[in-house]
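For reference, the structure is listed below as structure tokens.
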Amino acid sequence: MRQPKIIIVGGGLAGLMATIRVAELGVPVDLFSIVPVKRSHSVCAQGGINAAKNLKGEGDSPWIHFDDTVYGGDFLANQGLVKNMCEAAPAIIDLLDRMGVMFNRTPEGLLDFRRFGGTLHHRTAFAGATTGQQLLYALDEQVRRHESIDRVNKFEGWTFLSAVLDDAGIARGICAMNLRTMDVRTFPADAVIFCTGGIGAIFGRSTNSVVCTGSAQSALFQQGAWYANGEFIQVHPTAIPGEDKCRLMSESARGEGGRVWVPKQPGDTRHAKDIPQNERFYFLEEWYPKYGNLVPRDVATRAIHKVVFELKMGLPGGPAVYLDVSHIPREVLNRKLEGILEIYEKFVGPDPREEPMKVFPAMHYTMGGLWVDNEQQATSIPGVFAAGECEYQYHGANRLGANSLVSCIYGGMIAGPSAVRYARNLEKGCESTSAEVFERERARQQDITDGLLHQQGTENPITIWRELGEVMTENCTVIRYNANIKKTVGKLAELSERYKKINLQDRTQWSNQTLNFTRELGNMLVLAQVIALGALERNETRGAHYKPEFPERDDANWLKTTLARYNLGKICLEYQPVDTSLIPPRERKYTAAS
Amino acid sequence: MPDKKIIVRVKRRQRPDEPVRWEEFELRYRPHMNVITCLRDIAERPITRDGRESSPVSYEANCLEEVCGACAMLINGQPRQACSALVDNLEQPIRLEPLSKFPLVRDLVVDRSKMFEDLKRTHCWIPIDGTYDLGEGPRMSPATQETGYPLARCISCGNCLEICPKVNEHTQFVGAAIVSQVRLFNMHPTGKLHAGERLDALMGPGGIQDCDNSQNCVKVCPKGIPLTESIAAVNGQVIRHALKTWFTGRD
């Protein structure tokens, strides 16, 4: 039997899991990543990974996990696969444990679990406050083991430019650029799995890493892949605002008992420690007595915005509220939260064990992404699969904390074998595709690169990127007004025009990071339009998508998936029904138990 | 308030075989700046202090919160992460150089693939039978977890290799990071079953005997990993392993 050829693009949790699954089937993998895979953005995930293992005698179950996830996502997720994920989650934790993840333990030597947002159960396994890093390393080590027996061939330091599509529109490989030599090359494959993560860079300063530009998804979109629910952007309630990025302060701080508050007296300039309990406004606890500080992220973020901008009760000296863990014993903090407290100390200064942290919401995650079908993680382009944050499938209108790691790994577990199955069922493998098809794509990409290198102009890519981030953060995150979104669409058109006048200021053909960034920026501008247009059309409030002019969820008109398609340079929106066959939609309200 | 300025001096080479040139940039100060924001400012306006048009500086960076390991470089002579190097705490002019113990790519970018190759050579993984469901993992005491977890936070930045006098063009020394990873896998209930393989890999050329105990590594580790403890622990394991192999002819 002919050996299938599989390419995986992206070496975060989803990509590495997919890689392991394909390699285990005895099929060799070419794994492409911009950075050495151990440096992927999954390392930034802090708080933990959800699985209803019910080790705390609370009667938790995969069904309750499923219900919390669907309810937390405001019923926009197709339910079948979410249920499968929640059922698979306990075994995923066991697998990670067997791989050697240093999860925190109970005195009995079992895995410890903590609480997270949007649930009333202790369901989150964790390794200190660097769980994503620990999971990524475990998978990285397993992939290295497969690499040592030649089942995996890594292409680190390559960036994806485009899929190679044959005349029937079937993917036959990829075109990629070497970030050192700047060589543009094609690589044949029977199936390609995309695990290219988030899109934070579109919002300038987010909690995401530098590589999270969404460039790969956007390139595929422009080649015909459908993009779903792009308008659903998660803004995390607690981050440290920074000049270069916003650093996440994990929800696990609240899971371990951290409290969010502001002084009752606006403009109170006393030191936090000097403000007595009865003069503090614990607004989440007051407004949401049942869930308290552990309401889902969209709810907490809006509450903070209300406190700061409507009630004018933010902390003096900048938009911020307190996230307070200083009442928790030092020993507990060091054992369970050290990773994030260390970040606060290093980047801000004060010791959060002693005084409350100052935090503010920041763009964090995209619920939307490449459209994939329900069972195979297959995109709308034959031969192209997707898993992890770059696809849209599991989180509906709002993701619950600690569900991203489980969805990445679960998606990768499905995508790997389904890509192999697809490849084995192909009538003709990629070797039967004519060389001309590959050369055509390579030449198209080389032309784009050469064009940028020779382009004369006055615009700077970083300047355009800063302006993109500002306008997107201002108008397409927490609160959305149609008039402002329309202005944003206009601004994006202006930036796209200015993009054509970029001067690279580096025309070399060796480790030219400006060239690569500028290519990514072009793709960011397209995906930004998908987000803005999706937000403009959806006249309701659902999960993270909040329009004061349309403050209610509108199931009659909007219980549907947004599908963006790209046609001759134009973005068209269509809609698809949502599978709500297992849990009928009900009102989403965190003031009392669901 | 008059604009406060920052001066940044960057050691540049467009290609590994080109001569070094130092360039000096003057940037506008803003609160909370770090070395990454300085490099981005240069990219936005790559004009040197003496008014000459230059090009953006190549550097590696990803997470910007000191957990990915990418942005290690020499900052005022010290190996450290650029993201957590806050301008307010740095003496000026801020001097940026690439790590010197790894092959140079361009400007501040070096090739650290040696570290990943060494992780491969020393079998730093848990050899699981497969990803199918085999039930729960082995039980572990909180004490073992609390010893192992700090070791598992190694970000492969390479700072401990950079500062180590025994990592140089004449030796193949794997460096403290790798030794510490061997300790981690050898303490895990499953990993321990294959401890011998990892120790064998540390006994050859470039192995643990190359360490001269100068103890610089632990001082530059951004994650505070007890690297010297790891070296001592693995050294003990290697000696016991060597004796056992010597006496029994097997491990």
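Naming: A, B, ... by sequence-line order, numbering from 1 per chain.
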What part of Leu134(B) is in contact with chain A, defined as an atom under 4.5 angstrom from a non-hydrogen atom: side chain, backbone, both or neither? both
Just to verify, what does His123(B) make a ring-ring contact (aromatic ring centres under 6.0 Å, His included) with, not counting sequence neighbours? Trp125(B)
Under a 4.5 Å heavy-atom cut-off, does chain B meet the side chain of Arg507(A), its backbone, both or neither? neither
Verify the distance criterion only: is there a donor paired with an acceptor across the side chains of Glu23(B) and Ser54(B) at less than 3.5 Å? yes
Where does Asn460(A) contact chain B at under 4.5 Å (heavy atoms): side chain, backbone, both or neither? side chain
Tell me, for Asp140(A) versus chain B, whether the close heavy atoms (under 4.5 Å) come from the side chain, the backbone, both or neither. neither
side-chain contact (heavy atoms from CB on, under 4.5 Å) with Ala23(A): which residues, sequence neighbours excluded? His146(A), Arg151(A), Val152(A)
In terms of heavy-atom proximity below 4.5 Å to chain A, should Val105(B) be classed as side chain, backbone, both, or neither? both
Part of Cys124(B) lying under 4.5 Å from any heavy atom of chain A: backbone
Under 4.5 Å from any heavy atom of chain B, what part of Gln46(A) do you find: side chain, backbone, both or neither? side chain
Answer with side chain, backbone, both or neither: which region of Ser148(A) has an atom nearer than 4.5 Å to a non-hydrogen atom of chain B? both
Taking side chain as everything from C-beta outward and backbone as N, CA, C, O, which of these in Arg30(B) sits under 4.5 Å from a heavy atom of chain A? Side chain, backbone, both or neither. side chain
Which atoms of Thr508(A) approach chain B - backbone, side chain, both or neither, heavy atom under 4.5 Å: side chain
Quick one about Glu162(B) and Ser100(B) (side-chain donor to acceptor, distance below 3.5 Å, no hydrogens or angles considered), yes or no? yes
Side chain, backbone, both or neither: which part of Glu108(A) has an atom under 4.5 Å from a heavy atom of chain B? both
